[in-house]
Amino acid sequence: MDIGWEGLLEDERRRDGAAWQDDYDHLARQLARRGIDIAAIQARASALAVALPSWGVATGGTRFARFPGPGEPRNIFEKLDDCAVIHRLVAITPEVSLHIPWDEPDDDAALRACAAERGLRFGPMNSNTFEDQPGQAHSYKFGSLSHTDRGVREQAVAHNRHCMDVGLKLGARALSIWVGDGGNFPGQLHVRRALDRYLDSLREIYAALPPGWRLFIEHKLYEPAFYSTVLNDWGVSYYCARELGDRAFSLVDFGHHAPNVNIEMVVARLIQFGKLGGFHFNDSQYGDDDLDAGSLKPFQLFLVFNELVDAEREGLPGFDPAYMLDQSHNVTDPIESLMTSAIEVHRAYVQACLVDRAALGEHQSRNDAIMALATLKQAFTTDVMPILAKARLDAGGAIDPVAVYRASGYRVRVADGRPARPRMGGGIV
Ligand code: LRH
Ligand code: MN
C-alpha cells in the first residue's frame, strides 16, 4: 500500500523546516555557552536504537476487557508493517522484539525477508511459559521453569530452546525470559526450592545459548502470582545471572517494582556488578500498568539514563544494554503511543548527555546537594527536541512523527484491508 510517505515528509520539511532550523541554531548557541558542542551530542543522539515489542502494535487490554481499534494487525507480517511505519517516522526503532508463540513464523525466511525489506531486524526473542498453548502436554498453571514436576520444567526448557532456534534463523542475538512462576498462598511454594528448580532450568537453557548470544532474566515483584513470585526482584535476578555465567544478564522492566522503588539505583547497582542486560521501558502509577514510557515519570526516566550515560562515558567493559519498549496500549493508537514513547526515551538519553559531569562530580565531592541537583535539572529542563528532530531528519524521518502519521491516514487505510476480528474478552494481547 503506497502511503506516499516521501511526499508527506517533503511537505513537512518545506512547511516546518525553517522553524526547526531556527530552534536548532538557538539551542546550539545555548549549549555553546555551556561549553557543549551540539554536533557531538547530535552524533550520540543519532546512534540510539530502541527495540519495538511486536505485541505492542496491537491494542492491549486488561483482565477485564480489550477494546480493539480499527486496522488491528492480524499476524506478524502486519505487525512488521506497523513497526516499519514507526521506524520510518521516528528513525530510532530498527529492531523488533518477537514473542513466541504469538509471533511463531510459518516461514522464517519469508519473515526475515519481510523485515529486511522494511529496514527492520530482530531484537531479543521473548519466550512464553506463562500461558498454555492448545495441545500442550503439561500446563503451566502451577509454574514452568520452577514447577515441582520435572516434565513441566523440561517442556519449558524445550520451549526456550525452540525460541533460540527460531531466533537464530531470524538473526536475533538474545533470549529474554520472564516467567510468572509463583504462589497465591503462604505455604503453597517452598520458596528456596522453587528458586533452585528455576535456576537449574536456566542452567539447561544457558548451556544451549548460541555463540554470541546473551540471556536476559526479567524480574517482577508480582502478577500473575499474588503472594510469592519466584524471580521477584533485581537481587535474585543478579544472583541467577552471576550463577549462570558471563553471557547472562538482568533485564529491568520499569513496571516490575514495588511502588516508590528507586529504579535508577537498581540500574546503577546492576551496572556496577556488570550484569545490566537491558530494559523494558514503560511507565506506571500503581502496578505493572505498562503505560507509555515517560508519560507519568519523565524525571525518573531521565535519572535512569543519567546512570547509563555516566557508565557509557566511562567505557565500562561489556556495557551494552538493550533498550526495548514493553507497553500495553489500551486506549490509544498503538503506533502513536510507540512513536511517542520512543521519542521520550530518546529525549531522556539526550538530556542525560547534557549533564555537566565535571561540575556534578565537584558538587558531589563537596556534598553540595543543591548544586548537584541543579546540575541534573539544568540538563533535564533543556528542550532537546530540535536535536531529536535532526536525528530523525538526517535519517529521513519526520520533524513531528505523530502529525505526519495522522496526515497520512494510515490507520484508516490499513483498516480497509484488515477486517475487524470479533472482540474476545480481556487479556493483554
Ligand atoms: C511481563 C512482561 C514480559 C513480557 C510480557 C508481555 O509482565 O513484562 O516482559 O513477556 O510482559
Ligand atoms: Mn517486560
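When a ligand or atom number is given, it counts from 1 through the structure's own listing order. What you see below is based on every heavy atom in this structure, not just the backbone, and it leaves out hydrogens, waters and symmetry mates. Fair warning: this is a prediction, and the values are worked out from it, not measured in the lab.
Residue pairs meeting the side chain to side chain donor-acceptor pair (under 3.5 Å) criterion with at least one partner in residues 266-276, sequence neighbours excluded, are absent. A salt bridge (Lys or Arg N to Asp or Glu O under 4.0 Å) check over residues 318-337, counting only residues at least two apart or in different chains, returns the pairs R214-D320, D333-R411, E336-R406.
Checking only distances, D326 does come within under 3.5 Å of ligand 1, N or O to N or O. Below 3.5 Å of separation, one finds an N or O of K220 facing an N or O of ligand 1. By the 3.5 Å distance cut-off applied to N or O atoms, E218 is counted among the residues near ligand 1. Considering backbone and side-chain atoms together, N126 places no N or O closer than 3.5 Å to any N or O of ligand 1. Considering both main-chain and side-chain atoms, W102 never comes within under 3.5 Å of ligand 1 through any nitrogen or oxygen pair.
Ring orientation note: the planes of H219 and H257 are nearly perpendicular, at an angle over 60° on the 30°/60° scale. Using cut-offs of 30° and 60° on the angle between ring planes, the pair W178 and F130 is tilted.
With 3.5 Å as the limit, one finds no donor-acceptor pair spanning the side chains of D290 and S284. Neither side chain, N282 nor D292, offers a donor N or O lying under 3.5 Å from an acceptor on the other. In this model, no donor atom of one side chain and acceptor atom of the other lie less than 3.5 Å apart for Y238 and E243. Looking at N75 and R418, their side chains never bring a donor and an acceptor atom within 3.5 Å of each other.
At a 4.0 Å heavy-atom cut-off, ligand 1 does not touch E223 at all. When heavy-atom distances to ligand 1 are checked against a 4.0 Å cut-off, N128 has no atom that comes that close, whether in backbone or side chain.
Just one residue in the list T229, D288, D253, D233 forms a side chain to side chain donor-acceptor pair (under 3.5 Å) with K220, and that residue is D288. A ring pair (Phe, Tyr, Trp, His ring centres under 6.0 Å) with F305 is found for exactly one of Y323, F380, F299, namely Y323.
Of all the atoms in ligand 1, the ones that sit under 4.0 Å from a non-hydrogen atom of H280 are 9 (O). Every atom of ligand 1 is numbered from 1 in the order shown, and the set under 4.0 Å from a heavy atom of D288 is 7 (O).
Residues satisfying the salt bridge (charged side-chain N to carboxylate O under 4.0 Å, His left out) test with R413, not counting sequence neighbours, are none.
Distances from the Mn ion (ligand 2) under 2.8 Å pick out these protein N/O/S atoms: E218 OE2, D253 OD2, H280 ND1, D326 OD2.
The closest approach between H99 and ligand 1 falls below 4.0 Å for a heavy atom of the residue.
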